[in-house]
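The structure appears below as structure tokens.
As the structure lists them, so they are numbered: ligands from 1, and atoms in each ligand from 1. Note that this is a predicted model, so its numbers are computed, not measured.
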Amino acid sequence: MLAIDIKNLSKSYQIGNSKFSVLNRINLEIKPGEFVAIMGPSGSGKSTLLQVMGLLDHADSGSYKLFGRRVENESSNVLSDIRGSMIGFVFQQFHLLAKSNALQNVFLPALYTEIEDPYLVAEAQLTKVGLQNRIQHTPNELSGGQQQRVAIARALLNDPPIIFADEPTGNLDSKSKIEIMLELQRLHAEGKTIVMVTHEPEMAEYCDRIIHVSDGQIVKEESKKKKRDIQTSFQNSLRRKTGWKLIQGILKQSLFSLTSNRLRTFLSALGILFGVVCVISVMALGEGAKKSVEEQFSSLGANLVIVRTGGMRSGGVSLEAGTVNRLDIYDVPAVQKKFPEVKQISAVVNGRAQLVFGNRNWNSFVTGASANYETLRNLEPTEGRFFTEEEDIKRALVCLVGNTVVRELYEGKNPVGTYLKINRVSFRVIGQLPEKGSTGFRDQDDVVLVPLNTAMRRLLNKDAVDNLEMELDPNESSDDFISAMKRFLHERHGTNESMGNIYQVMSMADIQSAVSETNQTMSTLLIALATVSLLVGGIGIMNIMLVSVKERTKEIGLRKALGARESDIRLQFLIESTLTSLTGGIVGLVFGILAVLFLQEYFGWTIVLSFPSIGFAFLFSITIGILFGWWPSEYAAKLSPIVALRSE
Ligand code: ADP
Ligand code: MG
């Protein structure tokens, strides 16, 4: 059986409108174990012929049998597998990976082809070409001759029956040329079939047979030595590597390429990094805002309805002082009678007052309310007790103080039992109010609470009340209640709608839902912004990946020559882009969390780190990596091996 059996093989290139014939009806037979030189002037088609024989390139017509098997119509996957299992290449430009050492370079074919103990074989091959002391050297630490010997060792890793060498001595000095030819002769002696392209007659002298090519045709053949009889046949089970071992190898390659280009990897991950920091902190801020609003409302009581009037301007109409259009304490029993859905109600008056304790002064707010204000507003005292209905009726001089007052006047000590001067009237402090926080406009803890009648008659001197605050049965519709309440108050006080919005009736439930709706809109907007920044980050990655593919075109060609399938190349670049993006994602996550903690610590913002946002950032960065890495990977995978190898 012949090693190579070529009949009527033709190939031409279309250049502009004319067809340019490179190979013209070539017929060629090479027996197993032969050492053949292909000679001819530059441009005569030697390399093209060799590349067709090495399954890196396709002919237009003719038949080609490699070790008895027709291969001209095989799919690209099968061609990759045949190259990986049966063919070794040696190139004029060596094509070593610059950042990998000699051993790693020789090992490369084992990524795609099943080879037993590849590292041992690689070391053995390097020893055979005399480089046992240069295993850790990278190509730039080796001479040209040594580099070519590494390439020969690499070609032999998969123990191929046939070796194609294109001007293997073309880039070498004369001493190295001889070394390489001796290596090839050694392989020949071991029984390998060798086809070598050269334009140097001295190199051709080492071969058994010289085939002269000119203008794409074989013009002359010389046989120098007697041919030996060696039997080799096509390997019917190609040793294509599969499964986890394949993926593991490719993963390592990707990691190696990313870590040997650290700065580039980092820079291309930067966009994603910022995007993720945005997503994390925006979501944490949004969640925090939502939480603090919810907390405030829950401390107010969600079913609270407040009626306000007096001194309020609304719709441009102000109520003149002295008019009768005011709320009064008799509204309380009237409302209770008319609206059974009101579970409890308190009239409330507000004012400012000067507080004096010992030698300390503090200007604060005074609120007067009835005894049920405790349950109405969730005001269970943290120290002491609330005032009673009896104390309210008797206009007792008792008060409860808020946290801010305690801090300002009592230096945080328990105020219960002390006497506090409010506008020069001495009050006994009977309790401390629970902390309520700030609404943003006003510190709700800067307050002194006294019984309603005490406030109206003995402190603020008011006939009218400022607010009516009530708890509505949660099963009632607050909309219906609000309009009914307004109608009722107009009727009671002889006012009407045309006089303006005199009674403001607010339900906390409505305000809360309005606030959380605004919050939701804000969050959506911010998420959209963060998404845009992630997309921009993705485009950045795609850019760098495309540059990387262009820059590594030769590497891609080499990998294909060594047996990589399209899917292997695609996987390698997809892993690279995904890992880049994921790196950005993880670093972004760390910075995002730090940013959130910083905002919390130094600005005291309420911030909630949510697991969904962390998961979102994580998944999003993986998705971006795959999405934007797809096109560059596809481009790399689809490169023809010979176009890639020949690229400059
Ligand atoms: P040799 O190795 O004998 O010097 P090649 O086989 O490399 O020659 O090339 C043979 C001819 O084909 C040359 O004239 C070259 O310019 C042409 N050629 C090679 N590759 C291409 C290509 N991709 N497109 C067009 N012409 C090509
Ligand atoms: Mg050539």
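Polar contact with ligand 1: present for Gly45 (N/O pair, distance under 3.5 Å).
Residue-ligand proximity, Val22 to ligand 1, at heavy-atom distances under 4.0 Å covers atoms 10 (C), 11 (C), 12 (O). Applying the 4.0 Å criterion to heavy atoms of Thr48 picks out, from ligand 1, the atoms 5 (P), 6 (O), 9 (O), 10 (C). Residue Arg646 has at least one heavy-atom neighbour below 4.0 Å for each of these atoms of ligand 1: 5 (P), 6 (O), 7 (O), 19 (C), 20 (N), 21 (C). In the vicinity of Ser42, heavy-atom distances shorter than 4.0 Å reach the ligand 1 atoms 4 (O).
Of the N and O atoms on the side chains of Thr48 and Asp57, not one donor lies less than 3.5 Å from an acceptor on the other residue. Checked by atom type, the side-chain pair Asn171/Gln92 shows a donor-acceptor distance below 3.5 Å. In summary, the side chains of Tyr112 and Arg559 do present a donor paired with an acceptor at a separation below 3.5 Å, with no hydrogens or angles considered. For the residue pair Glu200/Thr169, the side-chain donor-acceptor check at 3.5 Å is satisfied. Checking Asn77 against Ser75 by side-chain atom types alone, no donor-acceptor pair falls below 3.5 Å.
A cation-pi arrangement, defined by a distance under 6.0 Å to the six-membered ring centre and an angle within 45 degrees of its axis, is present between Lys11 and Tyr13.
In this structure, the protein non-hydrogen atom closest to atom 2 (O) of ligand 1 is Ser47 OG, 2.7 Å. Protein heavy atom closest to atom 24 (N) of ligand 1, with residue, atom name and distance, is Tyr13 CD2, 3.5 Å. When hydrogens are left out, the protein atom nearest atom 17 (C) of ligand 1 is Phe20 CE2, 3.9 Å; that is the closest non-hydrogen contact.
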Decide yes or no on salt bridge (Lys or Arg N to Asp or Glu O under 4.0 Å) for Asp5 and Arg69, but give the supporting numbers first.
CA-CA 9 Å; Asp5 183 3; Arg69 168 146 162 200; over 6 Å; no
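Distance check on atom 15 (C) of ligand 1: every protein heavy atom falls at or beyond the 4.0 Å cut-off.
With a 6.0 Å radius and a threshold of 12 heavy atoms from other residues, nucleotides or ligands, His58 has its NE2 atom at or below the threshold. Heavy atoms from other residues, nucleotides or ligands lying under 6.0 Å from NZ of Lys245 number 12 at most.
Around the Mg ion (ligand 2), the protein atoms of type N, O or S that sit closer than 2.8 Å are Ser47 OG.
With respect to Glu202 and Lys177, no salt bridge is recorded, no charged nitrogen being found less than 4.0 Å from a carboxylate O.
Within the structure, ring pair (Phe, Tyr, Trp, His ring centres under 6.0 Å) contacts touching residues 119-154 (residues at least two apart or in different chains) are Phe107-Tyr119.
Heavy-atom separations between Ser44 and ligand 1 include at least one value shorter than 4.0 Å.
With distances taken over non-hydrogen atoms, the option nearest atom 4 (O) of ligand 1 out of Gly40, Pro41, Gly43 is Gly43.
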